[in-house]
Amino acid sequence: MDFIKIDDPRLDETFSFLFSFKKGDIVTWKDDPSLKGEVKDGVFVGQLPAHASDDVYRKGRTLYQIKLRESEFYIAAETELEKASK
């Protein structure tokens, strides 16, 4: 099992698709768009494919640390989030 952090210097264009959001992005929850937060960090957990493919999410999951308030943080899967509209 691999653990790749959002700012891992080993990441290159081949695996850039593992992270849909960057640190500092404002996101909302798909099931509650009124709840907004800022991406503070992220990690991919799972097996990296030998090559970039669409079935990577069957072998792993990307999780993000989301800051809602000064001392309130949540962990959310990429599939639960979407970029907030401006």
Side-chain angles (χ1 to χ4, degrees):
M1 181 163 304
D2 295 299
F3 296 92
I4 306 294
K5 286 189 63 116
I6 201 168
D7 55 359
D8 192 312
R10 296 173 295 165
L11 287 176
D12 62 9
E13 293 177 9
T14 307
F15 295 113
S16 63
F17 67 92
L18 293 175
F19 297 97
S20 295
F21 306 110
K22 296 182 228 154
K23 286 184 179 183
D25 282 352
I26 303 301
V27 295
T28 62
W29 271 255
K30 288 180 180 177
D31 62 347
D32 186 0
S34 65
L35 193 59
K36 287 187 178 181
E38 178 185 355
V39 174
K40 298 308 279 180
D41 210 348
V43 65
F44 174 81
V45 181
Q47 293 179 340
L48 291 176
H51 62 282
S53 67
D54 291 333
D55 62 29
V56 67
Y57 294 106
R58 283 188 251 161
K59 297 179 181 179
R61 186 172 200 177
T62 303
L63 303 173
Y64 292 93
Q65 180 188 48
I66 310 297
K67 178 181 177 182
L68 294 180
R69 292 174 196 66
E70 193 56 40
S71 62
E72 189 173 355
F73 292 86
Y74 285 93
I75 303 297
E78 183 175 309
T79 57
E80 300 174 87
L81 302 169
E82 59 187 15
K83 203 162 208 164
S85 57
K86 294 184 179 187

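All heavy atoms count here, side chains included; hydrogens, waters and symmetry mates do not.
Side-chain contact between V39 and L81 is absent, with no heavy-atom pair separated by less than 4.5 Å.
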Taking only distance into account, with no hydrogens and no angle test, what donor-acceptor pairs under 3.5 Å do side-chain atoms of residues 1-8 form with protein atoms, sequence neighbours excluded?
{"unit_1": "D2", "atom_1": "OD2", "unit_2": "L48", "atom_2": "N", "d": "3.3"}
{"unit_1": "K5", "atom_1": "NZ", "unit_2": "D41", "atom_2": "OD2", "d": "2.9"}
{"unit_1": "D7", "atom_1": "OD2", "unit_2": "K23", "atom_2": "NZ", "d": "3.0"}
{"unit_1": "D8", "atom_1": "OD1", "unit_2": "R10", "atom_2": "N", "d": "2.7"}
{"unit_1": "D8", "atom_1": "OD1", "unit_2": "R10", "atom_2": "NE", "d": "3.0"}
{"unit_1": "D8", "atom_1": "OD2", "unit_2": "R10", "atom_2": "NE", "d": "3.3"}
{"unit_1": "D8", "atom_1": "OD2", "unit_2": "R10", "atom_2": "NH2", "d": "2.6"}

Show me, pair by pair, the donor-acceptor contacts under 3.5 angstrom made by side chains of residues 27-38, not counting sequence neighbours?
{"unit_1": "K30", "atom_1": "NZ", "unit_2": "T79", "atom_2": "O", "d": "3.3"}
{"unit_1": "D32", "atom_1": "OD1", "unit_2": "S34", "atom_2": "N", "d": "3.4"}
{"unit_1": "D32", "atom_1": "OD1", "unit_2": "S34", "atom_2": "OG", "d": "2.6"}

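Residues V45 and F73 fall into different hydrophobic clusters, defined by Ile, Leu, Val, Met, Phe, Trp and Tyr side chains chained together at heavy-atom separations under 4.5 Å.
Considering only residues two or more places apart in sequence or on other chains, E70 meets the side-chain contact (heavy atoms from CB on, under 4.5 Å) condition with K67.
Atoms CD1 and CZ, from I66 and F21 in turn, are 7.5 Å apart once rounded to the nearest 0.5 Å.
T62 places no side-chain N or O within donor-acceptor distance of the main-chain N or O of F19, the cut-off being under 3.5 Å.
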